[in-house]
Amino acid sequence: MRVSRLMLVTLRDDPAEAEIASHKLLLRAGYMRRLAPGIFAYLPLLWRVLQKVSAIVREEMAAVDALETLLPQLQPADLWRRSGRWDGYTAGEGIMFHLVDRQERSLGLGPTHEEVVTELAADLLRSYRQLPVCLYQIQTKFRDEIRPRFGLMRGREFIMKDAYSFHADEACLQRTYAAMDRAYRRIFERCGLRAVAVEADSGAIGGSASQEFMVTAEAGEDLILASPDGRYAANQERAVSLPAASVPLEAGPCRSLATPGQSSIEDLCTAHGFDPTQTLKVLLLLARFAAAPPRGVLVCLRGDQQLNDVKLANAVTARCSDAGALLEIVPLQAEHLATDLSGDAGSVPFGFLGPHLEDPPLRNGDARAVAVPLLRLVDASAAELETFVCGANRIDAHLVGARWGELCPLPEVVDLRAAQPGERCLHDPSQRLEAARGIEVGHIFQLGRKYSEALEARFTNEAGSDEALWMGCYGIGVSRLAQAAVEQHHDADGIRWPVAIAPYTVIIVIASSQDAVQVALAEQLYGRLLRAGIDVLLDDRPERAGVKFKDADLIGIPWRLVVGRAAGDGKVELVDRSGGTGKRELTADAALEELVQSLGLQVASP
RNA sequence: CGGGGCGUGGCGCAGCUUGGUAGCGCGGGUGCUUUGGGAGCACUAGGUCGCAGGUUCGAAUCCUGUCGCCCCGACCA
């Protein structure tokens, strides 16, 4: 391709709309344009990158016998109602774009395809003899993100590869899951990305095991915690660790302590010389559901620990399975008691809560007081305390030396604390978690039978009886991956694409387009590279050399061939954009030979 | 949705405090010169200052409302 015909528009200044390097560069270098928040036009250069990524994905999917397909993006609401996800995906902070058609039918614009593909499986898969199968597609997904950000990092319309596998039993699912894990590692490696696999929360997709693939980059939205020995890595949402040991509280009977105005752990410890690890943090929260009234949740953590919202949401969801989708969990405020629970706002001593807080007495319609049970959970860090300091459930008072069992029964113990960098690992307490930031570019799940049971996707097993399919699903954010690559591969001058996903592999720069000798040699090289099957750009624009060098650096073509002063002697310069071999003057043939060889191709004769 | 910031030629910005009818850099076009790291000179096209009200003799500037965009939080490939 000739640059003069490429519709290349590069910008000298950083666009005001972009914050992070990759977003700025993709805009500046003419790869994309924003149409609306989270909605982008992929310009020809970027489309080539996306095609190259897709080609690698297709090869690796083929290698694990996945079948490419293309599923509908307009999806009937009924299908989503049957899986139980319609409300969660459309109401409240749901992310599904949805609409009503002229026949008054509700439709959603596909944010993901578990429902559609499971419906297909229910129709097509009847016998264990057909299993396992894996379908995938590379397609635009629509998600009404609460806050689109950073260009392609979090778009409302983006390209995703999503794959779904179906199995006769869990062991088979696990084999495919493992094969996908390996395929994903190959994909990211072939794309030239440094990526790490981490244990992950399954989120709204559901299912059991899941693993994310993170491209490490400072601009990443996720925090990864990993052990130095490489044996453990997890998203902080999911990560587990050993908290620091607590400082034992001096022995003695449980006593009351006046703590006027000391409603925070910090105030309490400062005033009385307690260590935060000796205290109990008691949080009163309100969980809202799609299909049930709100419910109060009482959570106990050790005073120095932080609540992990994701773990809590999972715990609440698991214990309120008939309440419909969990919409949100918010700190319970005094006004909630009256408005959401019809309770008495004065009855809860906020700031001085203890685990023995009674269920809030509520006024029913007939004015009789009824106690609505709180969902009570305790984190292991708090459950392990022999004695502790906690709120007395009276304003301006705490208890010192309280014990589980004496004060109140120990609530259900659940892991609810946020692991932090520097904490000891479970698998080897001599290892301490290290933090890194990452961009999630892939996520694989063992879904189990969640969708197949809901949508009655059943098959006949070897024994002749009917059973629900086992499922897995596997996603890669193709457009996000492209931007993540830029985030990981750029310098002060512009993008430095890995060769495998660069829009073009080589750019021939004619230093002086007025020089007939240079033009002739450049054209000859251009033809030979084209014939060798190399993706080559010829910068034939009547610009000064400096402009072309700047643009070549900015758009990030891995190899630059400069046809300049030495063209008369048949010599050119070969420049490696990643800086590997620097700038060298070679004969045209030698340069071509080297290029072709480094790219593993056959040289074409003049 | 809550908190913060910003809307001025295609892009990046100044002007607004203290109202007087719009400016700089880049980019576009034409010509001459230049020609290996975003050239110089000259000429030129292009903006009802997000929108709507209001105050005023007069509004980019002051007031009210409204819309849009960006950043921080909930969301996720």
Side-chain angles (χ1 to χ4, degrees), chain A residues 9-20 23-24 27-28 30 33-38 53 57 88-89 92-96 111-113 138-163 184 200-205 210 212-215 220-222 235 237 309-310 313 327-330 438-445 473-484 493-494 509-515 518 541-554 560 562-567 573 575 583 585:
Chain A
V9 177
T10 58
L11 305 174
R12 198 181 287 232
D13 299 309
D14 283 335
E17 72 186 67
E19 192 74 8
I20 63 174
H23 188 192
K24 288 177 184 171
L27 289 168
R28 275 190 62 203
R33 283 292 125 108
R34 188 186 65 86
L35 191 65
V53 173
V57 168
Y89 267 73
E93 301 197 326
I95 51 140
M96 183 154 62
T112 178
H113 279 69
I138 297 175
Q139 182 202 52
T140 297
K141 289 283 183 283
F142 298 90
R143 292 186 185 175
D144 194 1
E145 293 286 344
I146 297 162
R147 188 153 89 84
R149 269 191 272 219
F150 303 145
L152 306 182
M153 289 299 192
R154 180 178 300 282
R156 295 195 295 165
E157 181 180 325
F158 61 97
I159 299 175
M160 175 161 141
K161 186 283 304 186
D162 48 326
Y184 271 43
D201 179 69
S202 301
I205 305 290
S210 99
E212 291 168 334
F213 294 84
M214 298 282 191
V215 168
E221 296 185 79
D222 289 279
N235 192 312
E237 295 176 347
D309 299 335
V310 175
L327 300 177
E328 61 171 1
I329 300 180
V330 295
I439 300 163
E440 183 189 349
V441 291
H443 199 158
I444 60 177
F445 302 79
C473 79
Y474 319 89
I476 289 180
V478 173
S479 44
R480 178 185 280 183
L481 184 155
Q483 186 172 330
D493 296 318
V509 174
I510 306 173
S512 172
S513 307
Q514 269 79 8
D515 186 328
Q518 291 183 22
R541 295 175 300 172
E543 295 285 348
R544 295 162 60 91
V547 172
K548 298 194 218 183
F549 293 152
K550 286 288 187 191
D551 275 344
D553 286 345
L554 182 60
R560 187 164 85 226
V562 182
V563 181
R565 296 192 195 98
E573 277 166 28
V575 184
K583 187 200 290 192
E585 189 169 275

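Note on naming: letters A, B, ... go to the chains in the order of the sequence lines (proteins, then strands), and numbering restarts at 1 for each one. Worth knowing before you read on, the calculation uses all heavy atoms, side chains too, and leaves out hydrogens, waters and symmetry mates.
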Assigned partner base of [N], Watson-Crick or wobble definition, under 3.5 Å:
N     : answer
B/G20 : B/C57
B/C41 : B/G31
B/C11 : B/G25
B/C1  : B/G73
B/G68 : B/C6

From B/C75, B/G38, B/U35, nucleotide with atom closest to A/Ile95 side chain =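 Closest nucleotide to the A/Ile95 side chain: B/C75.
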Does [X] reach a base, just sugar-phosphate, or nothing at all? Heavy atoms under 4.0 Å.
X        : value
A/Asp222 : base
A/Ala511 : base
A/Gly564 : base
A/Pro111 : nothing
A/Gly155 : base
A/Glu573 : base
A/Ser479 : nothing
A/Arg28  : base
A/Glu17  : sugar-phosphate
A/Arg560 : base
A/Phe150 : sugar-phosphate
A/Val509 : nothing
A/Asp144 : nothing

Minimum side-chain heavy-atom gap [X]-[Y] below 4.5 Å:
X        : Y        : answer
A/Asn235 : A/Met214 : yes
A/Arg560 : A/Asp553 : yes
A/Ser210 : A/His443 : yes
A/Thr112 : A/Arg143 : yes
A/Lys550 : A/Glu543 : no

Would you kindly check whether a donor in the side chain of [X] faces an acceptor in the base of [N], or vice versa, at under 3.5 angstrom?
X        : N     : answer
A/Arg147 : B/G3  : no
A/Arg12  : B/C11 : no
A/Arg480 : B/C76 : yes
A/Asp553 : B/G37 : yes
A/Arg143 : B/C76 : no

Name the residue closer to the 5' end of RNA chain B, choosing between A/Val478 and A/Gly546 according to the nucleotide with the nearest heavy atom.
->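 Closest to the 5' end, via its nearest nucleotide, is A/Gly546.
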[atom1] spacing across the pair [N] / [M], given as an integer number of angstrom:
N     : M     : atom1 : result
B/A77 : B/G36 : C1'   : 43 Å
B/C63 : B/G9  : C1'   : 28 Å
B/C24 : B/G15 : P     : 15 Å

How many Å lie between [atom1] on [X] and [atom2] on [N], as a whole number?
X        : N     : atom1 : atom2 : result
A/Met153 : B/C75 : CE    : C1'   : 16 Å
A/Phe445 : B/C76 : CZ    : C1'   : 9 Å
A/Glu145 : B/A77 : CD    : C1'   : 9 Å
A/Leu27  : B/C69 : CG    : P     : 16 Å
A/Glu157 : B/C76 : CD    : C1'   : 16 Å
A/Lys548 : B/G37 : NZ    : P     : 13 Å

Evaluate side-chain contact (heavy atoms from CB on, under 4.5 Å) for A/Asp162 paired with A/Tyr474, printing each intermediate quantity in order.
-> CA-CA 6 Å; A/Asp162 48 326; A/Tyr474 319 89; over 6 Å; no
Do the side-chain N or O atoms of A/Arg149 get closer than 4.0 angstrom to the phosphate oxygens (OP1, OP2) of B/C76?
->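 So the side chain of A/Arg149 is outside the cut-off, no N or O lying under 4.0 Å from OP1 or OP2 of B/C76.
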Using only side-chain N and O atoms of A/Arg544, determine if any of them is under 4.0 Å from OP1 or OP2 of B/G40.
->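 No, A/Arg544 has no side-chain N/O under 4.0 Å of OP1/OP2 on B/G40.
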With centres under 5.5 Å and planes under 30°, do A/Phe549 and B/G38 count as stacked?
->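 A stacking contact does not exist, since A/Phe549 is not both close and nearly parallel to the base ring of B/G38.
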Between the main-chain N or O of A/Gly475 and the side-chain N or O of A/Tyr184, is there a donor-acceptor pair closer than 3.5 Å?
->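 Yes, the answer is positive, given that a donor and an acceptor are paired below the 3.5 Å cut-off.
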Roughly how far apart are A/Arg147 CZ and A/Arg154 CZ, rounded to 0.5 Å?
->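 Rounded to the nearest 0.5 Å, the CZ-CZ separation comes to 9.0 Å.
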